[in-house]
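Notes follow once the structure below has been shown.
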2 protein chains.
Amino acid sequence: MPDTNKIDPAAETGHEPRAAEKILNVARDLFYRQGIRAIGVDEIVRTAGVTKPSLYRSFPSKDELAASYLRYYDREFWARFDEAVAAHPGDPRAQILAFLTRVGKRTQKPGYRGCGMTNAVVEYPEHDHPARLVSEENKRELRRRLRAMAKAMGASEPDTLGDGLLLLIEGAYISGQLFGAGGPARTVARNAELLIDASLAKPGRA
Amino acid sequence: MPDTNKIDPAAETGHEPRAAEKILNVARDLFYRQGIRAIGVDEIVRTAGVTKPSLYRSFPSKDELAASYLRYYDREFWARFDEAVAAHPGDPRAQILAFLTRVGKRTQKPGYRGCGMTNAVVEYPEHDHPARLVSEENKRELRRRLRAMAKAMGASEPDTLGDGLLLLIEGAYISGQLFGAGGPARTVARNAELLIDASLAKPGRA
DNA sequence: TGACAATGTTACCGATCGGTACGTATACGG
DNA sequence: CCGTATACGTACCGATCGGTAACATTGTCA
């Protein structure tokens, strides 16, 4: 299924960047670092060195530009996720821990701003906003995969464990940008490890 | 230490609400439900049935009004937290679980919008923003208390457990507004229970 | 009743918001 | 050399942003 925006600026490389590509690259950077609502289209086109009509020729609206930014972010996210999965074939526990170890490290880097999609959900509570739709789809799929991995691990309550891992992940995204280096997000992999092992033990209490 | 805003509209009741009080009440509702950046001062004063100079005589700026909203939110938060603590004297495990059980329930209610302070951090990445300062102070104190409670429980890695609980809490705030009813936030207390019990067992692995 | 302080109101400010009508430059095929 | 299509820029739109100057109203206490 094709993108909503008319052009895919990251299609092939080798050419000098077209206006649409420069715009999306700048928008990705500014939207992520400052927030979508905080950045105006004027600032985007000024930074990209283009003009406003160029933006609106490639993207129907600012909201759709934001959605394109998040679709890009979504692809990057799954690339990172699948990389961790591919590093430990057939071992979902190691897959999750590898992913969370890298998340934990990223959260400690200066200027970390959390998950672009999570942030977009906070910025846009309206359920039909283009940016939110992309984010919600990503999170639903993440939840589905985490639950499946928890089941594959043999957890006694796979849905609980999958959801618990998602809570830890989202908590790491937020805590990372809230506390910076040395914050709670540093422990996300270790806490996931504890939670997983506790869930693999027999039924637990009543 | 007194508030930054000139007036405390929730000081005593029994009088017909002054403009400042009406403004703050409306701002609390709109800022929480829609987000701070999404709401303009015109909409606030219009909804409150007052005019703009009334706002700016009681609050130095919109940013400071947002900070006042968050200070109010901070007080409500600690009231809820201390209520759970007081319900289980000397039993930090039960205190945490009581608090998280209520958090989990709140996240399932329609229109749930997460934690106002967490949302403000996402909306304002600048570290010197008045709204962010209030939120960061709240979160630092929460982290401190969670770690202290983890230590009081006798956790083998108290800082790890305290931080893990904070990750679960922040994850519940986000997931609650992201997934709505039936989302992962429902399991926050159960996952905290698993994590706590795993952390109370002996050292774990290397 | 008169003076003062607190509060509310009308009307306005420059800046920025997202978005667009319309003209211009460049590349390419005939 | 011309016609056409594609890509980009100039100049502008009404609406809304956060914030304010100047004036009117009210309550209180002497």
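Chain A is the first sequence line, chain B the second, and so forth, proteins listed ahead of strands; every chain is numbered from 1.
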**Study point:** Distance test, side-chain N/O of B:K62 to OP1/OP2 of D:dG18, below 4.0 Å
**Key:** yes

Point to revise | Distance below 4.0 Å between A:Y56 side-chain N/O and C:dG19 OP1 or OP2 | key: yes

What distance do [X] atom [atom1] and [Y] atom [atom2] have between them, rounded to the nearest 0.5 Å?
X	Y	atom1	atom2	result
A:L97	A:H88	CG	NE2	8.5 Å
B:L146	B:F99	CG	CZ	8.0 Å
A:I39	A:D29	CD1	CG	9.0 Å

Spacing of [X] atom [atom1] relative to [N] atom [atom2], expressed in whole Å:
X	N	atom1	atom2	result
A:R18	C:dT26	CZ	P	14 Å
B:L55	D:dG19	CG	P	9 Å
A:I23	C:dG18	CD1	P	14 Å
B:F59	C:dT7	CZ	P	12 Å
B:R46	C:dG8	CZ	C1'	18 Å
B:L65	D:dC17	CG	C1'	15 Å
B:H129	D:dG18	NE2	P	11 Å
A:K52	D:dT10	NZ	P	13 Å

Review point. Which word best sums up how the rings of B:Y69 and B:F31 line up, parallel for under 30°, tilted for 30 to 60°, or perpendicular for over 60°?
Key: tilted

Review point. When we call it a touch if two heavy atoms are under 4.0 Å apart, what does B:I44 touch: a base, just sugar-phosphate, or nothing?
Key: nothing

Revision key, fill the gap. 5'-most contact on DNA chain D (nearest-nucleotide basis), A:G49 vs A:D42, goes to A:G49

Review point. With distance as the sole criterion, do the side chain of B:R57 and the base of C:dT9 form a donor-acceptor contact below 3.5 Å?
Key: yes

Check your understanding: Any cation-pi pair here, A:R145 with A:F81, using under 6.0 Å and within 45°?
Key -> no

Exercise for review: Report the residue (A:P53 or A:R37) whose heavy-atom-nearest nucleotide on DNA chain C is the more 5′ of the two.
Suggested key: A:R37

Practice item. Could you work out which one of C:dT9, D:dC8, C:dG19 sits closest to the side chain of B:T51? Key: C:dT9

**Study point:** Options C:dG8, C:dG18, D:dG9, nucleotide nearest the side-chain atoms of B:S54
**Key:** C:dG8

